[in-house]
Amino acid sequence: MPRGDAALRQTLAQQQAILEGLQVGVGFFVDRQPVWVNPQWEALFQRSGDEVRRLGTAVYFQAPEDWSAFGGRAYPALARGEVVTEELQLRRADGTLFWCRVRGSAVDRADPLRGVVWIFEDVTDRRLAADAMQRYQAHLEHLAHTDPLTGLPNRQYLHATLDLDAAAAAAGGHALALLFIDLDRFKIVNDTLGHALGDQLLCAVAQRLRGCLDAGGSGGHCIARLGGDEFTVLCRLEGRAAVETVARRLIAALAEPFVVDGYELTVTASIGICRCPHDGAQPAELLMRADTAMYRAKERGRNNFQFYEPGMGRQAERVHLLERELRHALKRHQLELHYQPKVELASGRASSVEALIRWQHPTLGAVSPAEFIPIAEEVGAIVPIGEWALREACSQLARWRALGCDCSVAVNLSSRQFRQPDLAGAIMRTIDEAGVPCELVELEITEGVLMEDTDGTIAALKLLAGRGIRIAVDDFGMGYSSLSYLRRFPVHVLKIDRCFVADIGRPGGDATIARTIIAMAHALNLQVVAEGVETAAQADFLRQHGCETAQGHFFGMPLPARETTALLLRQARR
Ligand code: C2E
Ligand code: MG
Ligand code: MG
C-alpha cells in the first residue's frame with residue numbers, strides 16, 4: 001500500500017473514532033438518504049445501521065407530512081448555504097417520542113444532495129426542564145396576578161386588563177364600564193368579630209359577586225379584588241341603562257344575609273361607576289374616577305350606586321381638605337357657638353335658645369355646619385366637638401343665669417355620639433360641672449338616633465330624662481319614625497322640619513303635614529317647635545293650630561354669644 005493511502009486510512013479511522021466517540025448521533029446523507037450513521041444514531045433511534053439505510057428517515061416522524069415538510073424547509077436552506085437548526089419531536093423504533101435537536105450542513109453548498117452531515121441530539125431532558133420552568137413561571141405569574149384570599153384577579157391584573165381593554169375600546173369604538181365596589185361598614189365586622197371572620201365574609205362576598213356576573217347580562221366581565229373590602233368589575237357595556245342594570249344586580253346579590261361561622265351578617269355595598277371613553281381613557285384616571293363616584297355613593301347614604309360626574313373630584317378634594325382641617329379646628333379655637341332664639345308663640349318671649357356651631361377657618365372662611373357636621377360624624381371628630389359644644393353651651397347658660405336671664409339652652413347631639421360607652425354619664429357630669437339645672441338643658445336628637453341601636457339608646461335617654469333633661473326630636477318628619485314608635489322613647493318635644501313649615505302659605509304648598517304633626521304630637525303629650533319660620537303668615541298659621549314654640553329667621557337669626565346676651569337682657573328688663 002502506498003504511503004499516501006495509509007495516511008488517508010489513518011485519517012479516516014481517526015475521524016470515524018471521533019464521530020463514534022461523540023455523544024450525538026451523526027449521519028452522512030447522499031440524495032436525502034442515509035449512507036452512514038454512527039452508533040449513537042443507531043442507539044438514538046433503536047435501529048441498526050442497516051435498518052437506518054433501508055428504511056430511510058420518514059419513519060422517525062410522527063406523520064409522513066411532517067417528514068416532507070421538514071425536507072421542504074431544510075434542503076432549500078442548505079442550498080442557500082445555511083446551517084439548518086431545528087428542534088423536532090421524533091419517534092424511536094419502540095414508538096416512544098423524544099425531542100431532538102437537529103443540525104445539518106452541506107458538504108457542497110452548490111449541491112446539497114451530494115452530501116449532508118446531520119447531527120441529531122436528544123434534548124428531551126432539557127425540553128422537559130424548560131417546560132417545567134415555563135409552568136413554574138406561569139404559576140408565579142398567576143400568583144402575581146391573583147388575590148390569595150379570594151382567588152380573584154388582583155389590582156395588578158386589573159391594571160394590565162384595563163390598559164389593554166381601554167386601548168381596545170378606544171380603537172374599536174365600543175364602551176367599557178368600571179364599577180368600584182366598596183362594602184359598607186366592613187370595618188365594624190372586622191373590629192367586632194375578628195379578621196378571620198372578616199376574611200371568610202370577603203370570600204363569600206367574592207363568590208356572590210362572581211356568581212351574579214356569571215349568570216350573564218354583564219357583556220363579558222373581569223372581577224377583581226383591589227384589597228380590603230374593595231372590588232372592581234370591568235365590563236363591556238354600551239349605554240347607561242345596561243350599566244345600571246348590572247349595578248342593581250350586584251347590590252341585589254348582596255342583599256341576602258351571609259351566614260359565616262354561625263353569624264348572620266348583612267352586607268351592603270356602595271358602587272361608583274365610571275365609563276370609558278365617556279369619562280376617561282387612562283386606566284389610572286378611570287380607577288380614580290370610579291373611586292370618587294363610590295365616595296359619592298357613600299355620602300348619599302351607602303347601599304347605592306353613582307355614576308361619575310365632572311366636578312365630583314373637586315368635591316371629594318374639598319371633603320378630604322375639611323376632614324384634615326377639622327382635626328385641628330377645636331384646639332386652634334376656630335369653633336364658636338351661635339344661639340338662635342326659640343320663641344313662645346303666645347307671648348313672643350324667647351324662652352330658650354338653640355346652640356348652633358360655627359366654624360371660622362383662617363383661609364377657607366366660614367364653613368357651614370350642614371357641610372362639615374356630616375364629615376365630622378364620618379371621621380369621628382364629632383365626639384370631641386359635641387362634648388365641647390355641650391360644655392360651652394352650659395357655661396354660657398351659667399353666665400346668663402348669673403346675669404339674671406331666664407332661659408334654657410338646646411344642644412344638638414349627633415347619632416355618632418350615642419356610640420360612646422357612657423354618653424349619659426358624660427353629659428350629666430358636664431352639666432353638673434357648669435352648675436346649671438338639668439331642667440334648663442334640652443338635647444336635640446334626630447330620628448335616625450331612634451332607629452339605630454334602640455336598646456342602648458333608650459337606656460341612655462331614660463337616664464338623661466330621669467335627671468330632668470328634655471329630649472327633642474329634631475327635623476321631625478324627614479325620617480321614618482312613626483308617632484306611635486315615639487312612645488317607647490322618653491321624648492318631650494318634636495321639632496317640625498323646616499321643609500314642612502316652608503310649605504305653609506307657599507303657592508301650591510301643603511300645610512297639612514305641619515298641622516297633622518302638631519295634632520298628633522299633642523295627642524301624645526309632646527310639645528311642638530316649628531323650625532325655619534320665615535314669615536308672619538307662617539307664624540300666624542302655627543299659632544292658630546296650637547304650636548307652642550317657633551324658631552326661624554322671622555324671630556331671629558342665630559347670633560354670637562355677646563349679641564344673644566344683649567337680646568336676653570333686653571327681654572329680662574321688659
Ligand atoms: P338643626 O339642628 O336643624 O338647626 C337648624 C338649622 O336651621 C340651622 O342651620 C339654622 O341656622 C337654620 N335655620 C334657622 N332658622 C332658619 C330659617 O328661618 N330659614 C332657614 N332656611 N334656615 C334656618 P345651621 O346652623 O346651618 O345648622 C345646620 C345643622 O347642623 C343643624 O340643623 C344641626 O343638625 C347641625 N349642627 C349645628 N350645630 C351642631 C352641633 O353643635 N352638634 C351637632 N351634632 N350638630 C350641629
Ligand atoms: Mg337642632
Ligand atoms: Mg332642625
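Read the numbers this way: they start at 1 and go in the same order the structure lists the ligands and their atoms. On a predicted model such as this, the values are computed, not experimentally measured, just so you know.
- Put simply, the side chain of Leu179 reaches to within 4.5 Å of the side chain of Cys235, judged on heavy atoms.
- The contact set between ligand 1 and Glu534, taken as ligand atoms under 4.0 Å from a residue heavy atom, comprises 17 (C), 18 (O), 19 (N), 20 (C), 21 (N).
- Per residue Glu444, closest N, O or S atom to the Mg ion (ligand 2): atom name OE1.
- Listed by atom number, the atoms of ligand 1 under 4.0 Å from Pro558 heavy atoms are 11 (O).
- The atoms of ligand 1 that sit less than 4.0 Å from any heavy atom of Gly532 are 16 (C), 17 (C), 18 (O).
- The side-chain hydrogen bond (donor to acceptor under 3.5 Å, both in side chains) search around Glu439 returns none, not counting sequence neighbours.
- With Tyr308 as the aromatic partner, Arg275 does not meet the cation-pi criteria of under 6.0 angstrom to the ring centre and within 45 degrees of the ring axis.
- Of all the listed residues (Gln551, Arg498, Glu531), Arg498 holds the heavy atom that lies closest to atom 7 (O) of ligand 1.
- For Arg358, the heavy-atom gap to ligand 1 drops under 4.0 angstrom.
- In this structure, Arg240 and Phe307 have side chains that are in contact, with non-hydrogen atoms separated by less than 4.5 Å.
- Contact annotation: for Ile357 versus ligand 1, heavy atoms closer than 4.0 Å belong to both the backbone and the side chain.
- For the pair Arg248 and Phe305, the cation-pi test (distance below 6.0 Å, angle within 45°) is failed.
- Sequence neighbours left out, the pairs with a member in residues 565-574 that pass side-chain hydrogen bond (donor to acceptor under 3.5 Å, both in side chains) are Trp400-Thr565.
- Against a heavy-atom cut-off of under 4.0 Å, Asp474 is close to the following atoms of ligand 1: 1 (P), 2 (O), 3 (O).
- Within Asp474, the N/O/S atom positioned nearest the Mg ion (ligand 2) carries the name OD2.
- Residue Glu354 approaches the Mg ion (ligand 2) most closely through its N/O/S atom OE2.
- When each atom of ligand 1 is checked for a heavy atom of Gln340 under 4.0 Å away, the hits are 14 (C), 15 (N).
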Check against side-chain hydrogen bond (donor to acceptor under 3.5 Å, both in side chains), Glu377 and Ser414: CA-CA 7 Å; Glu377 286 176 334; Ser414 152; 2.9 Å; yes

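- Nearest approach of Leu193 to Tyr263, heavy atoms of both residues: CD2-CE2, 3.7 Å.
- Under a 4.0 Å heavy-atom criterion, Glu377 is not in contact with ligand 1.
- If you look at Val533 next to ligand 1, the close heavy atoms, those under 4.0 Å, all belong to the backbone.
- Two residues are said to be in side-chain contact when any heavy atoms from C-beta on lie closer than 4.5 Å; Leu494 and Ile518 fail this criterion.
- Rounding to the nearest 0.5 Å gives a distance of 9.0 Å between CZ of Phe231 and CG of Leu226.
- Annotation: Gln417 places no N or O atom under 3.5 Å from an N or O atom of ligand 1; distance criterion only.
- Taking every heavy atom of Gly552 and a limit of under 4.0 angstrom, the matching atoms of ligand 1 come to 15 (N), 18 (O).
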